[in-house]
Engineer: 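There's a structure below that I have some questions on.
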Number of protein chains: 2
Amino acid sequence: MSASVTSRALNLLGAFDPDHRSLTLSDLARRAGMPIATAHRLVGELHRWGALARLDSGEYVIGRRLWDLGLLAPVQAGLRQAASPFLHDLYGATLATVHLAVRDGTEALYIDRLSGHVSVPVVSKIGSRLPMHATGVGKVLLAYGPDQVLAEVLGNLTRVTAYTITQPARLLEQIRRVRADGYATTGEEMSLGACSVAVPVRGPGGEVVAALGIVVPELRRDKARLVAALRVAAQGITRTLTDSASAQWK
Amino acid sequence: MSASVTSRALNLLGAFDPDHRSLTLSDLARRAGMPIATAHRLVGELHRWGALARLDSGEYVIGRRLWDLGLLAPVQAGLRQAASPFLHDLYGATLATVHLAVRDGTEALYIDRLSGHVSVPVVSKIGSRLPMHATGVGKVLLAYGPDQVLAEVLGNLTRVTAYTITQPARLLEQIRRVRADGYATTGEEMSLGACSVAVPVRGPGGEVVAALGIVVPELRRDKARLVAALRVAAQGITRTLTDSASAQWK
DNA sequence: TCCGGGTTTCCGTTGAATGGAAGGCAAGTA
DNA sequence: TACTTGCCTTCCATTCAACGGAAACCCGGA
């Protein structure tokens with residue numbers, strides 16, 4: 001019942017995560033749960049192909065070849081590219097950290113982030129996953145995603161800060177409001193001193209493909225203005241996606 | 001002498017390129033040079049793991065999992081992220097299409113691109129490779145790259161437009177000037193009606209890690225202004241890279 | 001010098017990858 | 001309706017490459 005060669009090699013790649021961008025051979029073997037000798041051989045092949053690169057220190061990192069491939073992923077790459085100018089506009093208009101996220105299973109995956117020139121303490125690296133129930137973009141993705149996912153998330157509300165919503169009923173109530181209002185907010189539910197607003201981003205067919213959010217230290221009476229700015233940006237992204245959708249596929 | 005399982009699976013992934021972002025099973029098998037039955041199994045595994053996704057049409061595209069991994073590639077992803085705000089500034093200052101490229105073998109790989117809101121005819125998709133000798137960023141990468149690469153490129157100057165430089169001596173002369181001046185230009189050498197200016201982007205250690213360029217319809221007396229703007233951006237990127245280099249590795 | 005951590009090589013065993021062949025399926029054609 | 005064509009999928013007997021324990025190796029530190 002042991003896994004196939006290919007999937008084992010892939011699991012080696014899966015050992016990388018936002019907090020572990022470089023790993024030693026033994027780390028990789030440990031994380032992928034295989035003998036070092038085996039990992040050594042597989043890593044060798046991955047390296048030879050360019051999926052992994054080796055630092056001077058001997059540690060391995062994701063190689064250029066995979067980065068290239070990532071660029072070829074039609075959905076995310078297209079989305080990122082379409083969204084890029086609008087993220088900038090949004091930053092210009094609000095001077096807040098801007099996030100673009102999609103749903104990945106029961107978590108929110110951050111696919112782009114713009115914090116401008118100011119070096120903000122990194123809350124969310126690109127490529128990282130954050131819980132749905134404690135972030136603005138997460139709540140949006142939850143509200144417009146499959147019910148099954150919502151159910152699953154409701155069953156597992158882990159506490160992050162003192163303000164994190166951990167009662168299913170309360171979260172459900174909020175999700176309903178998100179659906180009604182078309183935007184979500186958080187208040188220090190993920191990290192103290194950080195509030196957020198987020199809106200859905202729709203694809204050409206009207207389906208929600210991503211969430212666009214901004215993080216601000218405090219959600220004063222600005223809320224209406226921020227929501228308006230977010231909506232303009234989200235609509236712009238949708239328009240770009242629609243335009244390119246017709247031209248895209250040959 | 002047949003290749004290992006892993007490398008065959010990887011070759012399947014390598015079948016994708018900027019012009020073929022979606023492929024059928026048979027396409028993949030053909031391009032990777034293996035029997036369909038074998039490709040079927042391997043593709044199945046890649047799909048199961050999330051390296052490939054399947055469209056409604058039955059075609060396969062690069063899956064989310066690989067996109068994620070791409071985000072984790074320290075060099076390119078870090079570079080892209082560091083460069084992002086400066087690309088926007090540059091666009092704001094020049095309203096020209098902005099390119100960020102790195103060297104990949106003997107070609108220039110475009111890792112980011114910003115054409116603002118205007119829907120410009122796509123010259124260069126992100127992830128595509130363009131020849132060194134006919135692009136601004138290419139000439140920069142050539143000028144600051146290994147001599148061996150330069151020699152190789154000089155030996156194979158394919159014509160693209162009527163203005164493409166195809167005489168090794170002339171290109172070499174230009175490369176020398178790039179090294180002296182610190183910037184490169186092109187005039188309709190890659191596509192008619194498009195001129196470009198590019199400068200090197202240096203890493204923390206002073207080594208050239210990428211090239212930053214802009215494309216304009218015409219290179220009038222603006223050149224000095226454009227070069228200045230490019231340099232400001234390139235230096236900004238370097239500074240960001242330097243700042244994060246210290247914090248980056250834990 | 002010896003130790004402990006990693007890495008690399010070796011090689012006999014074995015079980016998983018292989019791919020030809022045949023069966024499906026859907027669209028286009030007579 | 002029957003025939004063709006071009007896909008995708010399943011099957012399974014053969015075989016050959018993956019496996020991983022063991023031992024050597026390398027290197028920095030005590």
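Protein chains get the first letters and strands the later ones, always in sequence-line order, with residue 1 at the start of each. Bear in mind the structure is a predicted one, so any value in this text is a computation, not a measurement.
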Engineer: Nearest whole Å is fine: how far is C:dG19 P from B:Leu28 CG?
Structural biologist: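 Spelled out: CG on B:Leu28 to P on C:dG19 is 16 Å.
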
Engineer: What is the distance from atom OG1 of A:Thr161 to atom CG of A:Leu192, rounded to the nearest 0.5 Å?
Structural biologist: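 If we round to the nearest 0.5 Å, A:Thr161:OG1 and A:Leu192:CG are 5.0 Å apart.
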
Engineer: Considering residues, nucleotides and ligands other than B:Arg159, do more than 12 of their heavy atoms fall under 6.0 Å from its CZ?
Structural biologist: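 Buried by this count: over 12 neighbours within 6.0 Å.
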
Engineer: Calculate the interatomic distance between A:Leu12 atom CG and D:dC19 atom C1'; express it in whole Å.
Structural biologist: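 Answer to the nearest Å: 14 Å.
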
Engineer: Counting only side-chain nitrogens and oxygens, does A:Thr38 get under 4.0 Å of the OP1 or OP2 atom of D:dC19?
Structural biologist: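 Answer is no, no contact under 4.0 Å.
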
Engineer: Between C:dG19 and B:Arg8, is there an OP1 or OP2 to side-chain N/O distance shorter than 4.0 Å?
Structural biologist: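 B:Arg8 to C:dG19 OP1/OP2: side-chain N or O found under 4.0 Å.
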
Engineer: Would you mind reading off the distance between A:Leu42 atom CG and D:dA17 atom P, rounded to a whole angstrom?
Structural biologist: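 In whole Å, D:dA17 P lies 16 Å from A:Leu42 CG.
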
Engineer: So for atom CD, which belongs to B:Glu207, do other residues, nucleotides or ligands contribute more than 12 heavy atoms lying within a distance under 6.0 Å?
Structural biologist: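 Correct, the count exceeds 12.
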
Engineer: Would you say a side-chain N or O of A:Arg41 is under 4.0 Å from OP1 or OP2 of D:dA18?
Structural biologist: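 Checking D:dA18 against A:Arg41, no side-chain N or O comes under 4.0 Å of OP1 or OP2.
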
Engineer: In whole angstroms, how far is the P atom of C:dT8 from the CD atom of A:Glu45?
Structural biologist: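 The distance from CD of A:Glu45 to P of C:dT8 comes to 15 Å, rounded to the nearest Å.
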
Engineer: Figure out the CG/P separation between B:Asn11 and C:dT18, and round it to whole Å.
Structural biologist: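 My rounded result for the distance is 12 Å.
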
Engineer: Once side-chain hydrogen bond (donor to acceptor under 3.5 Å, both in side chains) is applied, do any residues pair with A:Asn156, and if so which ones, sequence neighbours excluded?
Structural biologist: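 A:Asn156 satisfies side-chain hydrogen bond (donor to acceptor under 3.5 Å, both in side chains) with no residue once adjacent residues are dropped.
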
Engineer: If you round to the nearest 0.5 Å, how far is OG1 of A:Thr164 from CE of A:Met190?
Structural biologist: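 The distance works out to 7.5 Å.
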
Engineer: Could you encode protein contacts along nucleotides 6-11 of chain D as a string, one character per nucleotide from 5' to 3', using B for base contact, S for sugar-phosphate-only contact and - for no contact, with a heavy-atom cut-off of under 4.0 Å?
Structural biologist: -SSBB-

Engineer: Quickly work out the A:Glu59 CD to C:dG6 P distance and round it to whole Å.
Structural biologist: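 To the nearest whole Å, that distance equals 12 Å.
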
Engineer: Take atom CZ in B:Arg179; do more than 12 heavy atoms of anything else shown fall under 6.0 Å from it?
Structural biologist: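 Buried by this count: over 12 neighbours within 6.0 Å.
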
